[in-house]
Amino acid sequence: MKEQLQQLVTAAIAQLPGAAEAGRPVEIDRTRDPQHGHFSCNIAMQLARPLQQKPRDIAALLVDKLPPSEFVAAVEIAGPGFINFRLTEAAFHAELRHILDAADSYGNSDIGKDESVLLEYVSANPTGPLHVGHGRHAAYGACLANLYAAAGHRVHREYYVNDAGRQMDILALSGWLRMLQATGAEFSYPEGAYQGDYVTDIAADLTALDEPPQHKVPAGFFADLPEDQDAALDMLIRRMRELLGESGFEQVHRHMLDAVLDDIRDDLAEFGVTYDEWFSEKSLTVSGDVQNALDLLAKNNVTYEKLGAIWFRATDYGDEKDRVVVRDDGRTTYFASDIAYHLNKRRRGFDRLVNVWGADHHGYVPRVEAGMTAMGEDKERLHVELVQFVALYKGGQKAQMSTRSGEFITLRQLRAEVGNDAARLFFVMRSNEQHLDFDMDLARSESSDNPVYYLQYAHARVCSVMRQLDERGLSWDAARAAASLSLLSEPQEQQLMLSLSKFPETVAAAALQNAPQHVVHYLKDVAQEFHAYYNAHKFIVDDAALRNARLMLVLAIRQVMQNGLRLLGVSAPEQM
RNA sequence: GCGCCCGUAGCUCAGCUGGAUAGAGCGCUGCCCUCCGGAGGCAGAGGUCAGGGGUUCGAAUCCCUUCGGGCGCGCCA
């Protein structure tokens, strides 16, 4: 609908001397007040300055040049110079038919057809089970992927697996120590090691390997550890490597990683969150990508040596300070992997890279952008969406979440308590850059206060009506309905047709702004209007023409609810 | 100290990337059940869009600033 009006106005502008040259984009907006018609255009005000004429005069000239259209009932100039359009009933009837014709694809567009997107989300360190914060990332990322696809983008969903580095070494150490404890060794488990019970569970399987790792703790293994917790862990890791040998250490490392990663993968899959690729950080080192990136930086003269380490001149590209890429012991940093990773993403041919990161990583954004720029990439190709924290509320109390002690609420626990649908919806219901208060009591309640039920019920209710129709031995006649749409003259029916027609715009806007919550709010509006309509009017009436027309409207509502819920990753049950 | 994000109704939040008289849910007040599912609906009260400047035809939206809250400033990942 919007595009058609846009074309009409553009055609009018082409006939107005100097107007097209001003290059102002033609924006067609929904009106808030029905007195202003259905759509409005502010182009006359935009052109006032370049054309040096009064907005209302320009508007009058444009209206005069507008090509005729069967869908435009009235055009008015209002206020400071808005051009307001009122559409014909035929326009809304056509949209209704279009909804049922397009069915599952209603709402899709091709605005993103020229742009491929690599979307990276969650990418939690594989050192333990996902917690509720990761759940929000998962729900949000998966939803973005759906929106991008609906907008016509080619989307590649990716999870960056941080399978290299110190945290993973600590996990390997933790597992091995738990295994030793399980086989009878007695020592005090280091504070800095991973505390969660899952470590013990996974470690139990270490002994079942074909060649289980060293069982005995040699004398002095825990002797003379530094005071500092981190230094102590590093020393233990070093001793463990020496004791088990590189392949022995690697075996434990891999076992722990695989077990945790499998758990994460299962957890996400159960949550309806899937990926096209699980990209290994370690593979970047093996493939030489890290070295290539470092070479590129060196070639571009943006690295230097200081205190035995190699630094990247990030400050030259707007970052706060320069960053180490190769440590004084020769090992590359996480940051080195990460810029190599981003270069790799671009080299794979994606036009746009979208990362979903925790809000606590915001300081990391300029660093990666600096890296990209220094390697000759356009940093505008990278977009980072930050997701704020989740606070769980239960019985009016904030649930404590402490990662250190291992006493955090996992995504699994949350899903078990409130269900996937509620979790998915609640996670995307608020803007990602807004702190989220997750009310678990509300999420599990079976009442209209719960937005999940409210939305799903609207869908189920239409299904129920159709079942009722069947029980009465009646059926819906599509042709009859299409011919009788002018009978939909009730204010609620008019309003619903108007609301339904907004769905494609809503999806496009949500995709463009990375804002799934637009879809949620939209669906709430439609659901509310539908429930009100249901309450006020019967659909299964004796008058066959009216009945068919109303059922067509109601079926269109069901289709839109279904498509919207699918984008959000929430199921649309036929009965509840 | 520096940087990023946030501040809208009593509470939780929208506000379509600058539009016309700022919205919803919960809560509160008062209504509507012989019904295609009450897991519902209708109406009302409730606002200095944190404060102050600025940009322009027009600002909750953009810029500056003050205040308040969150987060970040490793040769961790």
pair_partner(B/G68), Watson-Crick or wobble, both distances < 3.5 Å, evaluates to B/C6

Reckon A/Gln528 has a side-chain N or O less than 4.0 Å from the OP1 or OP2 of B/G25? yes

Which part of the nucleic acid, if any, lies within reach of A/Leu386 when heavy atoms closer than 4.0 Å are counted: base, sugar-phosphate only, or nothing? nothing

Rounded to whole Å, CD of A/Glu281 lies from P of B/C76 at a distance of 13 Å

- Please measure how far the C1' atom in B/C71 lies from the corresponding atom in B/G54, and state the result in whole Å. 29 Å

Determine whether a donor-acceptor pair (one donor, one acceptor, N or O, separation below 3.5 Å) exists between the side chain of A/His361 and the base of B/G72. no

If you look at every strand shown and take non-hydrogen atoms under 4.0 Å, does A/Ala532 touch a base, only sugar-phosphate, or nothing? sugar-phosphate

query: Is the ring centre of A/Phe389 under 5.5 Å from the base ring centre of B/G70, and are the two planes under 30° apart, so that they stack?
result: no

- In plain terms, say whether A/Arg166 and A/Asp234 are close enough for a salt bridge, that is, a side-chain N and a carboxylate O under 4.0 Å apart. yes

Answer for the Watson-Crick or wobble partner of B/C76, both distances under 3.5 Å, is none

*asked:* Considering every strand and a 4.0 Å limit on heavy-atom distances, what is the contact class for A/Tyr454: base, sugar-phosphate, or nothing?
replied: sugar-phosphate

- So, does the side chain of A/Asp163 form a donor-acceptor pair with the base of B/A77 at under 3.5 Å? no

For A/Pro190 and A/Gln195, the nearest pair of non-hydrogen atoms, with its separation, is O-NE2, 3.3 Å

* Which part of the nucleic acid, if any, lies within reach of A/Arg331 when heavy atoms closer than 4.0 Å are counted: base, sugar-phosphate only, or nothing? -> nothing

Report task. Would you classify A/Tyr534 as touching base, sugar-phosphate or nothing, given that sugar-phosphate means primed atoms plus P, OP1 and OP2, and contacts are heavy atoms under 4.0 Å? Result -> base

In Watson-Crick or G-U wobble terms, with both distances under 3.5 Å, the base opposite B/U55 is none

Atom CG of A/Leu436 and atom C1' of B/C71 are separated, to the nearest Å, by 16 Å

* **Ring-ring centroid check A/Tyr522 A/Phe503, cutoff 6.0 Å** => yes

Across every strand shown, the nucleotide meeting Watson-Crick or G-U wobble geometry with B/G46 (both distances under 3.5 Å) is none

Rounded to whole Å, the CG-C1' distance (A/Leu392 to B/U12) equals 15 Å

Exercise. Select base, sugar-phosphate, or nothing to describe what A/Asp470 touches, counting heavy atoms under 4.0 Å on all strands.
Key: nothing

Rounded to whole Å, CG of A/Leu425 lies from P of B/C13 at a distance of 15 Å

Could you check whether A/Asp33 gets within reach of a base, just the sugar-phosphate, or nothing at all, counting any heavy atom under 4.0 Å? base

Rounded to whole Å, the NE2-C1' distance (A/His518 to B/C16) equals 6 Å

d(A/Leu487 CG, A/Asn548 CG) to nearest 0.5 Å is 10.0 Å

- Task: Report yes if the distance between the aromatic ring centroids of A/Tyr140 and A/Tyr121 is under 6.0 Å, otherwise no.
- Result: no

Notebook entry, point to check: Under the 5.5 Å and 30° test, is A/His36 stacked on the base of B/A20?
Noted result: yes

query = Hey, does the side chain of A/Arg166 come within less than 4.0 Å of B/A77's phosphate (OP1/OP2), counting only N and O?
reply = no

**Report entry** Contact under 4.0 Å: A/Arg367 side-chain N or O vs B/G74 OP1/OP2
**Finding:** no

Can you classify the ring geometry of A/Tyr341 versus A/Tyr160 as parallel (below 30°), tilted (30 to 60°) or perpendicular (above 60°)?
parallel

Any base atoms under 4.0 Å from A/Asp449, or only sugar-phosphate, or nothing? Heavy atoms, all strands. sugar-phosphate

Paired to B/A20 by Watson-Crick or G-U wobble criteria (both distances under 3.5 Å) is none

Taken to the nearest whole Å, CD1/A/Ile111 to C1'/B/U17 is 13 Å

Here the distance between atom P of B/G19 and atom CZ of A/Arg30, to the nearest Å, is 16 Å

Original post:
Any chance the side chains of A/Tyr159 and A/Glu120 put a donor and an acceptor closer than 3.5 Å?
Top reply: no

### Query
At under 4.0 Å between heavy atoms, what does A/Lys321 touch on the DNA or RNA strands: base, sugar-phosphate, or nothing?
sugar-phosphate

Across the strands shown, which category fits A/Arg323 at heavy-atom distances under 4.0 angstrom: base, sugar-phosphate, nothing? nothing

- For A/Arg32 and B/C16, is the shortest distance between a side-chain N/O and OP1 or OP2 below 4.0 Å? no

Checklist line | Sugar-phosphate, base or nothing in reach of A/Gln434, heavy atoms under 4.0 Å | finding: sugar-phosphate

_Applying a 4.0 Å non-hydrogen cut-off, can you work out what A/Asn42 is touching in the nucleic acid: base, sugar-phosphate, or nothing?_
base

Applying the 3.5 Å cut-off to both distances, the Watson-Crick or G-U partner of B/C36 turns out to be none

Here the distance between atom C1' of B/C76 and atom CG of A/Leu171, to the nearest Å, is 15 Å

| message | Applying a 4.0 Å non-hydrogen cut-off, can you work out what A/Gln513 is touching in the nucleic acid: base, sugar-phosphate, or nothing? | response | sugar-phosphate

Classify the nucleic acid contact of A/Ser431 as base, sugar-phosphate or nothing, counting any heavy atom under 4.0 Å across all strands shown. sugar-phosphate

